[in-house]
Amino acid sequence: MPKRTKSSAAIKKPKTESDSKLDEELEIYEKFFFEKFATELGDKGLRHDGRRFDEERQRIIKSGVLNKTLGSAYVAWGEAKVLVGVKGCFVPPCGPDSNEGKLEVRCTIADTAYEGVGDDILQTRDQSNTVAEFVSLMINTSQTIDLKSLCCNEDFAWILHLDIYILSYSGSIKDACLAAAITALINTTIPDTEVVDEVPVVVPNSGKKLEISRYPISSTIGKFKNHLLIDLSQTEEAHSSIINIVHDSTGRLLNVSKSSGPPVSADALRTAIEMSRNATKKIKQEIESEAVTGSKKKALF
């Protein structure tokens with residue numbers, strides 16, 4: 001990550017009692033202003049950024065953007081921007097029958113992701129771990145990868161390191177990170193190997209695409225007042241009940257979780273799941289379209 005200079009905003013004087021009180025007053029004012037403004041717009045069927053309740057932000061999904069990886073992807077999800085790279089190395093086979101490889105997910109939030117990202121290192125680390133655990137859990141729950149296909153022989157198997165870099169943090173970040181991770185895995189080529197002097201060696205310019213079956217797609221839904229909003233901005237997340245809903249690419253419901261805000265009724269939850277299912281179809285189409293066209297493009301980096 002980039003180093004901060006002395007002129008960086010991350011080097012600040014300790015907050016005084018007066019500063020802390022001012023922060024509290026600004027937070028109260030912001031909440032009051034947003035709720036008043038958003039409520040007035042909501043009566044017209046609009047959100048604070050001009051979108052309709054069921055309107056998603058523009059997405060850009062690109063695969064194969066990094067040269068020195070097995071697979072990679074870049075996703076711009078509104079103002080959120082995520083880069084994913086997949087690398088691999090050899091380990092002894094894992095699993096109950098010692099015939100499987102392994103997938104490990106790591107996440108890093110860049111210094112530039114949002115204002116104040118370096119102010120609380122523990123909070124930033126928690127945010128990174130939460131995203132990595134979510135992506136890993138959803139991929140494993142949906143059985144996206146046949147881990148047995150990563151086993152080379154009885155002595156060696158591939159472990160894939162899927163590294164997520166959050167370049168810009170701007171709401172619905174789990175959705176963006178999961179889409180980028182899946183796009184990178186679809187783009188991943190596993191090289192052929194041969195054993196030389198009892199050591200696995202990669203055969204140059206060889207390999208086949210990683211076997212991907214069904215895969216998870218996430219949608220963040222927010223309930224603000226009596227309105228359900230899809231694809232929340234960071235501002236909306238701060239003032240809404242947040243529901244994260246995950247379907248797989250066949251439309252099967254995998255996970256529903258609520259992370260903040262007042263309770264949500266059963267009727268609202270059913271509507272949110274239907275909104276998520278419709279969004280899943282669009283995101284799936286965008287991912288699979290890029291899987292076809294991305295293989296014909298050169299890497300950007």
Side-chain angles (χ1 to χ4, degrees), residues 1-2 47-52 54-69 71-86 105-117 124 127-128 130-132 134-135 138-139 162-188 215-222 229-238 242 244-247 249 275-276 278-301:
M1 292 187 289
R47 297 154 72 168
H48 76 105
D49 56 8
R51 285 184 290 153
R52 301 183 305 275
D54 61 349
E55 185 177 351
E56 300 160 62
R57 292 174 294 178
Q58 183 181 10
R59 286 184 293 267
I60 298 172
I61 299 177
K62 299 292 182 184
S63 62
V65 295
L66 300 175
N67 261 320
K68 297 181 179 180
T69 60
S72 59
Y74 168 81
V75 167
W77 196 290
E79 295 301 314
K81 294 176 176 59
V82 178
L83 185 66
V84 172
V86 180
V105 180
R106 301 177 292 203
C107 177
T108 300
I109 300 177
D111 288 359
T112 55
Y114 60 88
E115 186 179 356
V117 70
T124 302
Q127 290 172 331
S128 299
T130 297
V131 170
F134 170 77
V135 171
M138 291 303 105
I139 289 174
L162 190 149
D163 290 308
I164 301 170
Y165 299 94
I166 298 175
L167 308 177
S168 178
Y169 196 111
S170 181
S172 302
I173 198 66
K174 288 183 177 179
D175 305 349
C177 288
L178 187 56
I182 293 302
T183 304
L185 288 173
I186 292 174
N187 179 249
T188 295
Y215 52 84
I217 297 172
S218 170
S219 298
T220 299
I221 310 286
L229 318 174
I230 194 165
D231 186 15
L232 302 185
S233 67
Q234 196 166 357
T235 302
E236 289 170 333
E237 285 185 347
I242 301 175
N244 181 260
I245 303 172
V246 182
H247 290 86
S249 50
M275 291 172 72
S276 172
N278 292 334
T280 294
K281 294 175 184 176
K282 298 176 190 174
I283 298 167
K284 176 187 176 183
Q285 186 177 14
E286 291 172 26
I287 289 174
E288 295 187 352
S289 173
E290 177 57 25
V292 174
T293 60
S295 60
K296 302 174 184 177
K297 301 174 185 175
K298 291 184 178 180
L300 299 178
F301 306 103

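These values consider heavy atoms only, across backbone and side chains, with no hydrogens, waters or symmetry-generated copies.
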Asks: Kindly give the heavy-atom pair with the smallest separation between V246 and P216, and that separation in Å.
Replies: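 What the structure gives for the nearest pair is CG1-CB, 3.8 Å.
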Asks: Is any side-chain heavy atom of I61 less than 4.5 Å from a side-chain heavy atom of V75?
Replies: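 In contact.
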Asks: Please report the closest heavy-atom contact between I164 and L162, naming both atoms and the distance.
Replies: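 For I164 versus L162, the nearest heavy atoms are CG1-CD2, 3.6 Å.
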Asks: Please round to the nearest 0.5 Å and tell me the distance separating atom CD of Q127 and atom CD1 of I166.
Replies: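 The CD1 atom of I166 is 8.0 Å from CD of Q127, to the nearest 0.5 Å.
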Asks: Considering only NZ, NE, NH1 and NH2 on the basic side and carboxylate oxygens on the acidic side, decide whether R59 and E290 come within less than 4.0 Å.
Replies: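 No, R59 and E290 are not salt-bridged.
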Asks: When rounded to the nearest 0.5 angstrom, what is the spacing between NZ in K282 and OG in S219?
Replies: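 Interatomic distance, K282 NZ to S219 OG, rounded to 0.5 Å: 10.0 Å.
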Asks: If I take atom OG1 from residue T108 and atom CG from residue L167, how far apart are they, to the nearest 0.5 angstrom?
Replies: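 Reported value, rounded in 0.5 Å steps: 10.5 Å.
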Asks: Mind checking the CG-OH spacing from L66 to Y74? Nearest 0.5 Å is all I need.
Replies: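 If I round to the nearest 0.5 Å, the distance is 12.0 Å.
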Asks: Rounded at 0.5 Å granularity, tell me how far CD1 in I283 sits from CG in L178.
Replies: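 Those atoms lie 9.0 Å apart.
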Asks: Can you tell me if CD on E79 sees more than 12 non-hydrogen neighbours from other groups inside 6.0 Å?
Replies: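 No - once you tally the heavy atoms of other residues, nucleotides and ligands closer than 6.0 Å, there are 12 at most.
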Asks: At their closest point, which heavy atom of S72 faces which heavy atom of V65, and how far apart are they?
Replies: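 Taking every non-hydrogen atom into account, OG-N, 2.9 Å.
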Asks: Could you tell me if the side chain of R51 sits less than 4.5 Å from the side chain of D231, heavy atoms only?
Replies: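 Touching, per the 4.5 Å side-chain cut-off.
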Asks: Between S289 (side chain) and Q285 (backbone), is there a donor-acceptor pair under 3.5 Å?
Replies: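 Absent.
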Asks: Set out, in order, the CA-CA distance, both residues' side-chain angles and the distance that settles side chain to side chain contact (heavy atoms under 4.5 Å, CB included) for V105 and V131, then state yes or no.
Replies: CA-CA 9 Å; V105 180; V131 170; over 6 Å; no
Asks: List the atom of A279, the atom of I230, and the distance in Å for their closest heavy-atom pair.
Replies: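 Nearest heavy atoms, A279 then I230: CB-CD1, 3.6 Å.
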Asks: Applying side chain to side chain contact (heavy atoms under 4.5 Å, CB included) to I60 and K81, what does each step give before you reach the verdict?
Replies: CA-CA 9 Å; I60 298 172; K81 294 176 176 59; over 6 Å; no
Asks: Using the side-chain contact (heavy atoms from CB on, under 4.5 Å) definition, which of the options N244, I217, I245 pairs with S276?
Replies: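 The option that passes is I245.
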Asks: Could you walk me through whether F134 and S218 pass side chain to side chain contact (heavy atoms under 4.5 Å, CB included), step by step?
Replies: CA-CA 10 Å; F134 170 77; S218 170; 3.7 Å; yes
Asks: Using 0.5 Å steps for rounding, measure from the CD atom of E56 to the CG atom of D175.
Replies: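 Rounded to the nearest 0.5 Å, the CD-CG separation comes out at 9.0 Å.
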Asks: Within the side chain of E237, is there an N or O that forms a donor-acceptor pair under 3.5 Å with the backbone of S172?
Replies: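 Checked: pair present.
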Asks: Would the distance check show the side chain of R57 and the main-chain N or O of A80 forming a donor-acceptor pair, the cut-off being under 3.5 Å?
Replies: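 Side chain of R57 to backbone of A80, a donor-acceptor pair under 3.5 Å: no, none is there.
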Asks: Under the criterion side chain to side chain contact (heavy atoms under 4.5 Å, CB included), I'd like the reasoning laid out for I242 against T220: C-alpha separation, chi angles, the key distance, then a yes or no.
Replies: CA-CA 7 Å; I242 301 175; T220 299; 3.8 Å; yes
Asks: Tell me the closest heavy-atom pair linking I139 and I182, and the distance in Å.
Replies: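 So the minimum-distance heavy-atom pair works out to CG1-CD1, 4.1 Å.
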Asks: Mind listing the closest non-hydrogen atom pair of A180 and V84 along with its distance?
Replies: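 Taking A180 first and V84 second, the nearest heavy atoms are CB-CG2, 3.6 Å.
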Asks: Output yes when a side-chain donor or acceptor of S249 lies under 3.5 Å from a complementary backbone atom of Y215, and no otherwise.
Replies: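 Yes, the answer is positive, given that a donor and an acceptor are paired below the 3.5 Å cut-off.
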